[in-house]
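Data block below; observations after.
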Amino acid sequence: MRGPIEQALADFRGKPQALGWQELPFFSGHAADAVARRVDERMAAGAQVLPPAGDIFNALVTTPLDQVKVIILGQDPYPTPGDAHGLAFSYHGKRRLPASLKTILAEMAEETGAPMPRSGDLTPWARQGVLLLNTALTVEAGKAGAHLKFGWSALTDDAVGTISRERPAVVFLLWGGPARKRAELIDRTKHLVIECGHPSPLNRLRDFRGSKPFSRANDWLAEKGMTPIDWRLD
């Protein structure tokens, strides 16, 4: 009998939006199944895994491979129940915005002249071709980083490498050390790589604000004849 994560993986493989992603080695080989079993084992042992199983692959389902124009890498989901829904940095909680997301949205508002969003739901970005992918798709309640070594990182590497090879022109927004390590997987003759510090307040250099990733991304997309992203949120 399948566990919840193995079932979520099977459901993902059956979605037509996932067709391009299914060809990644992570999914076509045995890596995805091994990670799903490991997470299911944690659930069987009593761990509360987040986000809900049905949301784990939301980033890939909402932004199919052939629609990716921008990619933003996060670390892992928010570890508080109800906050995460499968998109990096995106927030479904009822409390005030998480610090990193607040910094991101403040930069966006300053660049675009839009009001500071009240919502932290970044689904509108994902639907326009912004892949919001965490380097681990699961976490345990109250334990940030709990699944970073479970094998999910192979998916991140496969996704970045495949996007670099197969997509004609993509903006890679690499925020912070772990994301910037993936820069070596990207063909800079085809794509734009914008690197800067992480938006977290724990970043002592404070080198995210003022980096203008959103306007720089849109300027480049426009130069390539592509529709820029509407970064504004309600």
Side-chain angles (χ1 to χ4, degrees), residues 5-33 35-36 51-77 84-92 104 108 120-138 151-175 179 182 185-187 190-194 213-214 217-218 220-222 224-233:
I5 311 305
E6 288 182 290
Q7 184 59 55
L9 176 60
D11 293 342
F12 167 76
R13 284 173 164 150
K15 292 181 183 293
Q17 308 98 305
L19 286 176
W21 300 121
Q22 290 171 13
E23 298 177 5
L24 299 183
F26 180 80
F27 293 113
S28 62
H30 302 292
D33 301 276
V35 174
D55 289 345
I56 287 173
F57 298 103
N58 266 356
L60 302 178
V61 173
T62 309
T63 312
L65 176 59
D66 63 0
Q67 296 179 22
V68 175
K69 295 195 290 188
V70 179
I71 177 170
I72 299 174
L73 297 180
Q75 179 173 282
D76 59 345
H85 63 113
L87 304 179
F89 294 108
S90 191
Y91 178 68
H92 264 191
I104 292 168
M108 179 278 295
D121 187 350
L122 304 183
T123 301
W125 293 2
R127 288 175 176 162
Q128 295 178 73
V130 182
L131 179 64
L132 299 165
L133 185 64
N134 278 316
T135 55
L137 301 192
T138 55
W152 287 118
S153 60
L155 169 58
T156 307
D157 292 343
D158 284 353
V160 171
T162 298
I163 291 168
S164 178
R165 289 192 306 274
E166 299 188 6
R167 297 292 294 146
V170 169
V171 181
F172 291 79
L173 301 182
L174 306 182
W175 300 337
R182 266 80 189 196
L185 302 174
I186 302 166
D187 182 352
K190 295 169 55 181
H191 308 291
L192 176 64
V193 179
I194 300 176
F214 305 104
N218 274 357
W220 190 82
L221 290 172
K224 297 295 182 180
M226 303 169 67
T227 303
I229 305 298
D230 183 357
W231 297 107
R232 297 171 299 175
L233 299 170

### Message
Classify the ring geometry of His191 against Phe172: parallel below 30°, tilted from 30° to 60°, perpendicular beyond 60°.
### Response
perpendicular
### Message
Quick one, Lys224 and Leu192 - any side-chain contact, counting heavy atoms below 4.5 Å?
### Response
no
### Summary
When rounded to the nearest 0.5 Å, the distance separating CZ of Phe26 from CG of Asp33 is 8.5 Å
### Task
Might you point out which heavy atoms bring Pro124 and Asp121 nearest each other, and give the distance in Å?
CD-O, 3.5 Å
### Message
Between Trp231 (side chain only) and Trp125 (backbone N and O only), is there a donor and an acceptor less than 3.5 Å apart?
### Response
no
### Summary
Residues Arg13 and Ala32: closest non-hydrogen pair is NH2-CB, 4.0 Å
### Message
For a quick test of reading the model, state the closest non-hydrogen atom pair linking Ala217 to Ile194 and the distance between them.
### Response
N-CD1, 4.1 Å
Just list the side-chain donor-acceptor pairs under 3.5 Å for residues 64-77, sequence neighbours left out, or say none.
| unit_1 | atom_1 | unit_2 | atom_2 | d |
| --- | --- | --- | --- | --- |
| Lys69 | NZ | Thr227 | O | 2.6 |
| Asp76 | OD2 | Gly145 | N | 2.6 |

### Query
Val130 and Thr63: side-chain contact (heavy atoms from CB on, under 4.5 Å), yes or no, with the steps?
CA-CA 7 Å; Val130 182; Thr63 312; 5.9 Å; no
## Note on the structure
Interatomic distance, CD1@Ile104 vs CG@Leu173, rounded to 0.5 Å, equals 10.0 Å
### Query
So Phe12 and Phe27, would you call those rings parallel, tilted or perpendicular, with 30° and 60° as cut-offs?
tilted
### Task
With side-chain contact (heavy atoms from CB on, under 4.5 Å) as the test, would you mind laying out the steps for Lys15 and Leu60 before giving the verdict?
CA-CA 10 Å; Lys15 292 181 183 293; Leu60 302 178; over 6 Å; no
#### Entry: Value rounded to 0.5 Å, distance of OG1 in Thr162 from CD in Glu23
9.0 Å
### Query
Which residue, Thr138, Thr135, Asn134, forms the side-chain hydrogen bond (donor to acceptor under 3.5 Å, both in side chains) with Trp152?
Thr138
### Query
So which pairs with a foot in residues 158-173 pass salt bridge (Lys or Arg N to Asp or Glu O under 4.0 Å), sequence neighbours left out?
none
### Summary
Heavy-atom nearest pair, Pro52 first then Ala84, reads CD-O, 4.2 Å
### Task
Return the minimal non-hydrogen interatomic distance between Ser90 and Leu122, and the atom names on each side.
OG-N, 2.7 Å
### Message
Among Val35, Val160, Leu24, exactly one meets side chain to side chain contact (heavy atoms under 4.5 Å, CB included) together with Leu155. Which residue is that?
### Response
Leu24
### Query
How far does OG1 of Thr62 sit from CD of Gln128, to the nearest 0.5 angstrom?
12.5 Å
### Leu185 side chain reached by Ser164 side chain, heavy atoms, under 4.5 Å
no
### Message
Walk me through whether Phe214 and Val171 qualify under side-chain contact (heavy atoms from CB on, under 4.5 Å).
### Response
CA-CA 10 Å; Phe214 305 104; Val171 181; over 6 Å; no
### Message
Whether the side chain of Trp21 engages the backbone of Ala159 through a donor-acceptor N/O pair (distance < 3.5 Å, no angle test) should be reported.
### Response
no
#### Entry: His92 side, atom NE2; Thr123 side, atom OG1 - distance, nearest 0.5 Å
5.0 Å
### Task
Would you mind reporting whether Ser153 and Arg182 have side-chain heavy atoms less than 4.5 Å apart?
yes
### Query
Given the rule in the side-chain contact (heavy atoms from CB on, under 4.5 Å) test, do Leu9 and Phe57 qualify, once you have shown the distances and angles that lead to the verdict?
CA-CA 8 Å; Leu9 176 60; Phe57 298 103; 3.9 Å; yes
